[in-house]
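Structure, as structure tokens:
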Amino acid sequence: MLLTLSFLLVLLLLSVLYVLSTIAHARYSFRHIPGPPIAHLISGHAGLIIRLMREEGHSYNYRLAWCVQFPTLYVAWLYHTPQICITDAPTLHRYFSQPQEKFLYPFLGYCMGTRVMGYNSIFNDPGSEIWRRKRAHFRPFFAASHRGHWAGEIEERSQDLLDLLVPGTEVDLVDLSKRFLFDVIAGLVLGDSPGSLHTECPVKDALDTFMSLGFQNALSFTNNIPFFKSEVKRTFLGAVKLCREYGSELVRRRVEEDPTLSHHQDILTLIIQANNGDVESMVDDITVFLLAGYDTAANVLGFVWALLLEHPRVLERAREEARGLERKDAMWFMKLEYIESCCLEAMRLFPVAPVSHRINRRETTIAGYRIPGIPAQIQANSYTQHRNPRYWHDPEEFLPERWGGGFTAPPGTYMPFMIGPRTCISKDLAMTVLKVTLGTLLRERCFERGGGERRIGAKQVFTLHPDRKVMARVNS
């Protein structure tokens with residue numbers, strides 16, 4: 001017994017020494033790179049970031065101060081892992097425009113012991129042959145030439161949303177946006193009609209659960225122990241199971257209804273064709289497109305509504321544009337220039353994908369700084385770049401007018417859809433959804449700010465979400 005305890009004690013001491021030596025070696029190797037003072041000997045800045053997320057919803061305002069303080073790049077520490085954030089816009093654009101070795105989010109492949117998006121979906125591992133093949137296979141569906149077709153379907157579905165916007169009532173535009181966008185994305189991309197505007201939709205709720213619990217708990221040591229069962233883990237696993245069952249059912253129905261895959265020209269058909277009979281990989285891609293399409297677009301729309309309601313002058317000008325536009329053809333929404341500016345400005349203040357990572361494993365040089373071959377996260381933080389006073393006049397203000405006159409943000413200063421090889425494949429669809437929805441609703445209804453005077457803020461789930469309801473009074 002004494003021998004066993006002695007062995008375990010020695011093993012524990014060796015483990016502690018190994019961890020400490022790993023941290024010391026990593027920090028010594030990156031000592032020449034500027035960065036904020038280390039907050040804690042062991043955790044580095046991890047404890048500070050976690051505390052800020054609990055208190056403020058995210059840590060990006062703190063990081064913004066670092067971005068201003070270190071004008072080229074800086075290193076922050078998550079325990080033994082260096083996180084290098086590039087703050088110089090040309091350097092950032094140059095680095096992230098190159099093909100990269102690995103993407104950061106393997107925990108979205110398998111999380112808490114269950115398969116979520118797998119490792120062969122279009123989301124994971126840019127540069128791999130599977131990723132390149134799938135992206136090329138899906139790209140034609142998202143071509144800008146399809147915008148007129150998308151607009152017709154979105155406008156038709158908007159009528160269901162208008163039915164719920166009864167004059168004289170007060171509604172939560174964040175909740176309605178999420179329910180509406182889930183129906184739109186499921187319809188356009190997967191050919192389904194979940195009807196979440198009018199009924200409870202367990203799949204939408206499961207996706208929301210995945211986003212809220214997965215990011216906060218994916219890297220938890222205890223949640224990744226196979227036999228450990230917490231309430232959080234049980235809820236998360238149940239949500240993932242429901243989402244994947246929904247994907248499997250979509251595949252089963254499509255193959256039964258259209259065995260030759262010739263009657264439906266949507267992403268679901270392309271997913272089935274791309275995965276050579278592997279149903280689990282098909283479900284991986286369905287999960288990716290649901291999360292990437294529904295969650296991001298719905299949250300952008302929520303932020304746009306909140307900012308419009310906080311700025312009545314801007315809201316009135318957007319309403320006048322929507323009501324004064326003649327709809328002579330399917331591309332009418334392309335003339336909504338001011339509404340588009342409102343969307344671009346909302347995405348500047350609240351980029352729903354606030355950060356993009358790469359993993360560097362080889363010695364390299366960035367902006368004259370030698371980056372050792374120790375695994376390090378290289379980060380592009382769109383939230384801080386979008387509010388950096390070096391690149392933006394009045395960066396904290398909502399000013400859609402800044403996008404007038406054909407203004408284009410310099411490379412590396414504005415990246416709501418990411419940059420380089422991982423640029424969002426569906427950005428044209430996203431902008432079409434936003435402009436058609438806003439243009440249709442603002443033409444048919446008037447909105448005033450409802451209860452609550454506090455300005456909108458953000459909370460980080462996996463993406464950025466509005467931190468509260470956006471209540472609006474509806475008038476005809």
Side-chain angles (χ1 to χ4, degrees), residues 23 25-40 43-46 48-49 52 58-104 126 347-349 351 353-396 402 407-423 460 464:
I23 292 173
H25 174 64
R27 299 212 179 137
Y28 181 80
S29 299
F30 286 83
R31 68 191 184 283
H32 57 287
I33 298 178
I38 293 175
H40 189 272
S43 64
H45 301 97
L48 171 65
I49 291 169
L52 289 170
H58 61 84
S59 64
Y60 296 122
N61 290 329
Y62 212 90
R63 289 176 179 268
L64 178 58
W66 295 345
C67 180
V68 173
Q69 182 181 356
F70 304 104
T72 304
L73 53 76
Y74 67 84
V75 61
W77 289 92
L78 303 179
Y79 296 93
H80 67 286
T81 302
Q83 192 178 69
I84 298 171
C85 184
I86 303 174
T87 56
D88 176 68
T91 302
L92 186 153
H93 185 265
R94 198 160 46 242
Y95 180 84
F96 280 85
S97 293
Q98 301 170 0
Q100 302 298 324
E101 209 177 313
K102 286 282 183 180
F103 195 47
L104 178 67
M347 289 189 289
R348 183 189 68 81
L349 286 170
V355 65
S356 180
H357 293 88
R358 301 293 181 268
I359 297 178
N360 181 70
R361 291 184 172 88
R362 293 177 291 187
E363 184 168 317
T364 188
T365 300
I366 299 177
Y369 289 95
R370 181 183 63 83
I371 309 299
I374 298 173
Q377 298 176 14
I378 312 296
Q379 182 184 95
N381 193 312
S382 53
Y383 186 97
T384 57
Q385 289 298 95
H386 290 186
R387 294 175 182 244
N388 192 328
R390 279 183 288 144
Y391 304 125
W392 300 94
H393 173 67
D394 292 333
E396 299 294 328
R402 75 172 84 236
F407 169 76
T408 301
T413 65
Y414 185 70
M415 42 194 176
F417 297 107
M418 300 187 182
I419 55 177
R422 290 202 66 88
T423 298
Q460 184 169 13
L464 278 191

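Since we're looking at a predicted model, the values are computed, not measured.
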* Starting from the C-alpha separation in whole Å, work towards a yes-or-no answer on side-chain contact (heavy atoms from CB on, under 4.5 Å) for Gln460 and Tyr60. => CA-CA 10 Å; Gln460 184 169 13; Tyr60 296 122; 3.0 Å; yes
Mind checking the [atom1]-[atom2] spacing from [X] to [Y]? Nearest 0.5 Å is all I need.
X      : Y      : atom1 : atom2 : result
Gln385 : Ile419 : CD    : CD1   : 9.0 Å
Arg402 : Asp394 : CZ    : CG    : 7.0 Å
Tyr95  : Thr364 : OH    : OG1   : 6.5 Å
Arg348 : Thr413 : CZ    : OG1   : 10.0 Å
His45  : Ile38  : NE2   : CD1   : 6.0 Å
Arg94  : Asp88  : CZ    : CG    : 7.5 Å

* Please list, chain by chain and in numerical order, all residues satisfying side-chain hydrogen bond (donor to acceptor under 3.5 Å, both in side chains) with His40, sequence neighbours excluded. => Ser43
* **Which residues share a side-chain hydrogen bond (donor to acceptor under 3.5 Å, both in side chains) with Glu363, sequence neighbours left out** => none
Looking only at non-hydrogen atoms, find the nearest pair between [X] and [Y] and report the distance.
X      : Y      : answer
Leu464 : Tyr383 : CD1-CD1, 3.9 Å
Thr91  : Ile366 : CG2-CG2, 3.7 Å
Met347 : Pro416 : CB-CB, 3.9 Å
Pro375 : Pro82  : O-CD, 3.6 Å
Asn381 : Pro354 : OD1-O, 3.4 Å
Pro395 : Pro389 : CG-CA, 4.1 Å

* Can Leu349 and Arg387 be said to form a side-chain contact (heavy atoms from CB on, under 4.5 Å), step by step? -> CA-CA 7 Å; Leu349 286 170; Arg387 294 175 182 244; 3.8 Å; yes
* Can you find a heavy atom in the side chain of Tyr414 that is under 4.5 Å from one in the side chain of Trp392? -> yes
* Sort and list the pairs that fulfil ring pair (Phe, Tyr, Trp, His ring centres under 6.0 Å) and have at least one residue in residues 361-381, not counting sequence neighbours. => none
* For Pro411, side-chain contact (heavy atoms from CB on, under 4.5 Å) partners two or more places apart ->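 side-chain contact (heavy atoms from CB on, under 4.5 Å) check on Pro411 returns His93.
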* Counterpart residues, side-chain contact (heavy atoms from CB on, under 4.5 Å), relative to Pro372 (two or more places apart) ->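 Testing Pro372 for side-chain contact (heavy atoms from CB on, under 4.5 Å), a comparison that skips the adjacent residues, returns Ser29, Phe30, His32, Arg370.
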* To do: Using modelled atom types only, decide if a donor and an acceptor are shared between the side chain of Tyr391 and the backbone of Ala89 within a distance under 3.5 Å.
  => yes
* Asked: For the side chain of Arg358 and the backbone of Ile378, is there at least one donor-acceptor N/O pair under 3.5 Å apart?
  -> no
* Hey, is CZ on Phe407 packed in by over 12 heavy atoms from elsewhere, all under 6.0 Å? ->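 Yes.
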Would you mind writing out the side-chain donor-acceptor pairs for residues 63-81 within the sub-3.5 Å range, not counting sequence neighbours?
{"unit_1": "Arg63", "atom_1": "NE", "unit_2": "Ser59", "atom_2": "OG", "d": "3.4"}
{"unit_1": "Arg63", "atom_1": "NH1", "unit_2": "Gln83", "atom_2": "OE1", "d": "3.1"}
{"unit_1": "Arg63", "atom_1": "NH2", "unit_2": "Gln83", "atom_2": "OE1", "d": "2.8"}

